[in-house]
**Q** 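My structure is below; once you've seen it, I'll send some questions.
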Amino acid sequence: MSIFDHIQTLKDQGLIQIKEASDLNTLNDIRVNLTGKKGELTKVLRSMKDLSNEERPKVGQVVNEVRDLFATEIDNKKEQLQQAELEAQMQEEAIDVTLPGKESYLGSHHLINIVRQDIEEFCVSLGYQVITGPEVESDHYNFEMMNIPKNHPARDMQDTFYVDAAHEHLMRSQTSPVQARTLEKHDFSKSPLKMISPGKVYRRDDDDATHSHQFNQLEGLVIDENITMAHLKGTLQAIAQHVFGEDREIRLRPSYFPFTEPSVEVDVTCFACGGKGCSTCKSTGWIEVLGAGMVHPNVLENAGVDSQKYGGFAFGLGLDRFAILKYGVSDIRDFYLNDVRFLEQFRQEAK
């Protein structure tokens with residue numbers, strides 16, 4: 001068999017192998033076997049040393065033509081196989097859009113935030129503005145501006161976490177500092193002040209079912225001319241009925257807070273017995289919910305507000321306590337343990 005016949009045989013066999021290749025790996029093996037450094041065509045070129053000077057150019061030309069043909073056919077076959085693989089993959093991974101979708105897990109609002117947002121929206125509808133402030137506060141704003149000077153006994157009830165050795169900065173024990181800061185800046189010649197200040201507060205309590213070293217508070221403040229206790233009671237009645245139901249009533253009991261005078265504790269008729277008396281309300285018919293009072297003149301004067309011209313009322317409520325009372329939560333620690341089973345019970349309460 002002449003060398004030209006051998007090349008023709010390699011050509012015919014190579015084209016058949018390329019045509020019948022079933023996958024990319026097989027095609028690559030064929031390419032290496034035909035045109036690689038140790039392939040059949042390379043062997044032909046190496047055998048040209050035994051040819052005459054007249055045959056060598058002709059054999060070289062034929063080999064190059066066959067090599068180019070193989071390269072073209074291999075590229076075409078590779079494209080076909082890649083397209084076939086892509087179509088097979090698409091068929092395998094096809095999505096049936098007629099099948100029902102899988103419901104994604106949606107988180108729920110935290111119960112504290114549900115109660116907070118509800119009260120915020122209600123107060124805003126009454127004309128209040130929502131103002132927040134820093135949780136790391138100065139002793140000046142947290143205590144002294146609120147008529148609680150150093151060594152005042154009321155500080156014992158609000159023992160908190162100081163963040164410096166000089167006891168000048170602390171984790172706020174109430175959101176009242178936000179009110180003090182706002183009083184200093186507000187221009188009463190333009191408008192009265194109606195604000196609420198929600199947020200986290202900190203006190204050195206031992207954690208148990210009803211106490212926590214960190215809890216959530218919302219305080220309200222109204223300052224204007226001719227504000228009376230009647231305005232305070234009407235506001236608290238409206239909030240209580242909004243949160244706990246239209247059939248709720250409130251009562252005010254004399255109390256003491258350094259930053260209000262007179263001061264009151266606010267009770268609401270028992271949710272369990274409707275005021276008749278039961279174990280929930282200890283047979284009194286009432287449940288304590290918050291503290292309030294008329295703003296002490298010293299608080300106004302400390303902020304540069306003329307207490308002879310302006311007065312007002314303030315109230316403070318625990319959002320955790322409101323959530324416990326409204327939704328029957330038995331342990332305040334449930335709010336902070338991040339147990340999804342507990343939290344998602346209240347998903348439907350979120351707006």
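Predicted model only: the values in this text are computed from it and were never measured.
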**Q** Look at the side chain of Asn28 and the backbone N and O of Leu24, then say whether any donor-acceptor pair between them is shorter than 3.5 Å.
**A** no
**Q** Any donor-acceptor pair under 3.5 Å linking the side-chain atoms of Asn147 with those of His152?
**A** no
**Q** I'd like a table of donor-acceptor pairs (distance under 3.5 Å, sequence neighbours excluded) in which one partner is a side-chain atom from residues 32-44, with atom names and distances.
**A**
unit_1: Thr35; atom_1: OG1; unit_2: Arg31; atom_2: O; d: 2.9
unit_1: Thr42; atom_1: OG1; unit_2: Gly36; atom_2: O; d: 2.6

**Q** Run Ile287 and Arg321 through side chain to side chain contact (heavy atoms under 4.5 Å, CB included) and show every step you take.
**A** CA-CA 11 Å; Ile287 296 177; Arg321 178 164 176 77; 3.7 Å; yes
**Q** Is a side-chain donor or acceptor of Thr175 paired with a backbone partner of Ser197 at a separation under 3.5 angstrom?
**A** yes
**Q** So does Glu73 pair up with Lys77, basic N to acidic O under 4.0 Å?
**A** no
**Q** Let me confirm one number: the CD-CD distance from Gln214 to Glu135, rounded to the nearest 0.5 Å.
**A** 7.5 Å
**Q** Evaluate side chain to side chain contact (heavy atoms under 4.5 Å, CB included) for Met294 paired with Thr260, printing each intermediate quantity in order.
**A** CA-CA 5 Å; Met294 304 302 293; Thr260 53; 5.7 Å; no
**Q** Would you say the side-chain atoms of Asp12 and Gln8 include a donor-acceptor pair closer than 3.5 Å?
**A** yes
**Q** Evaluate side chain to side chain donor-acceptor pair (under 3.5 Å) for Asp206 paired with His211, printing each intermediate quantity in order.
**A** CA-CA 7 Å; Asp206 294 328; His211 298 85; over 6 Å; no
**Q** Side chains of Glu87 and Gln83: donor-acceptor distance under 3.5 Å anywhere?
**A** yes
**Q** Please tabulate, for side-chain N and O atoms in residues 311-319, each donor-acceptor pair with protein atoms closer than 3.5 Å (sequence neighbours left out).
**A**
none

**Q** Give a yes-or-no answer on whether the side chains of Thr9 and His6 include a donor-acceptor pair shorter than 3.5 Å.
**A** no
**Q** Which word best sums up how the rings of His167 and Tyr162 line up, parallel for under 30°, tilted for 30 to 60°, or perpendicular for over 60°?
**A** parallel
**Q** First locate atom CG of Leu81, then atom OG of Ser22, and finally report the distance between them rounded to the nearest 0.5 Å.
**A** 7.5 Å
**Q** Under a 3.5 Å distance rule, please check whether Ser263 uses its side chain to pair with a backbone N or O of Gly293 as donor and acceptor.
**A** no
**Q** Compare every heavy atom of Ala303 with every heavy atom of Ala180, then report the nearest pair and how far apart it is.
**A** O-CB, 4.4 Å
**Q** Hey, mind stepping through Leu193 and Tyr310 against side chain to side chain contact (heavy atoms under 4.5 Å, CB included) and telling me if it holds?
**A** CA-CA 10 Å; Leu193 175 61; Tyr310 296 102; over 6 Å; no
**Q** Quick one: do Phe188 and Asp306 satisfy side chain to side chain contact (heavy atoms under 4.5 Å, CB included)? Show the steps, please.
**A** CA-CA 10 Å; Phe188 287 95; Asp306 185 357; over 6 Å; no
**Q** Assess the side chains of Asn113 and His110: does a donor N or O sit below 3.5 Å from an acceptor N or O?
**A** no
**Q** So, Lys326 side chain and Phe244 main chain: donor-acceptor pair closer than 3.5 Å or not?
**A** no
**Q** Are the side chains of Val178 and Arg172 in touch, meaning some heavy atoms are under 4.5 Å apart?
**A** yes
